[in-house]
Amino acid sequence: LSDEHLAKYFTSPLTIGALLILLAAAALFTFTELTALSVCFSHALRHERLPFGGMLRESLSALRRALRGKGVFSFLLFMLCTPFIQLSLSSGVFSIPLMPILRTVLKRMGTYRLAAVYVLIELLLVILLVSNSFTLHYAALTDRTLHKSAKESRRVMKGQRLRMTLMLI
């Protein structure tokens, strides 16, 4: 696999299908993991013991509740955004356009505006993360759907987005 054959490889329907299946599996795992942690921390604050089976059971219950109603569409959005947001939170994400291979690609295209567009997209993803930072907590700890949990998270974070975004960067 080389840079020249990369476009051909990623446009194959088999590759696209495999990537979508991996994306769905990763989103299910991430959602289950994060809601299990939320439930675990909630029980720890109340000084209650919660065995692994209880964490998993409550997490899967939160997943079922989250998918009710409009929750399926919210979960699909969660599924699409999760890998990009995880990348945004990794160290040095805003310096990625300075990597040698990307500089070569940007030079071939004759513009560095793409680097600015990339940084802007990453900034928007961080703002999206901040706006929805309490979504999984509400989904795991209340009887709300994922859609209603996201609305409540955005309401709670209103007015704090800029400060929290700057703190994450």
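Computed from heavy atoms alone, side chains included, the values below leave out hydrogens, waters and symmetry copies. Note that this is a predicted model, so its numbers are computed, not measured.
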- Identify the two heavy atoms, one from Met157 and one from Val130, that lie closest to each other, and give their separation to 0.1 Å. CG-O, 3.4 Å

- Task: Determine yes or no for a side-chain-to-main-chain donor-acceptor pair under 3.5 angstrom, with Ser131 supplying the side chain and Ile127 the backbone.
- Result: yes

- Message: On a heavy-atom basis, which atom in Ser59 and which in Ala36 lie closest, and how many Å separate them?
- Response: OG-N, 3.6 Å

- Message: Checking the side chain of Thr35 only, and the main-chain atoms of Phe31 only, is there a donor and an acceptor separated by less than 3.5 Å?
- Response: yes

- Message: Please check: side-chain N/O of Thr32 versus main-chain N/O of Leu60, any donor-acceptor pairing under 3.5 Å?
- Response: no

- Once you round to the nearest 0.5 Å, how far does CZ of Arg57 lie from CE of Met55? 11.5 Å

- Task: Enter the distance from Cys40:SG to Leu56:CG here, rounded to the nearest 0.5 Å.
- Result: 12.5 Å

- Item | Spacing of CD belonging to Glu33 relative to OG belonging to Ser38, to within rounding of 0.5 Å | 10.5 Å

- Query: How far does CG of Leu23 sit from CD1 of Ile16, to the nearest 0.5 angstrom?
  - Reply: 12.5 Å

- Heavy-atom closest pair, residues Thr135 and Ser149: O-CB, 3.4 Å

- Query: Around atom CZ of Arg46, are there more than 12 heavy atoms of other residues, nucleotides or ligands at under 6.0 Å?
  - Reply: yes

- Give a yes or no answer on whether the side chain of Arg65 reaches the backbone of Thr142 with a donor-acceptor pair at less than 3.5 Å. yes

- Could you state the interatomic distance from OH (Tyr138) to CZ (Arg144), rounded to the nearest 0.5 Å? 6.0 Å

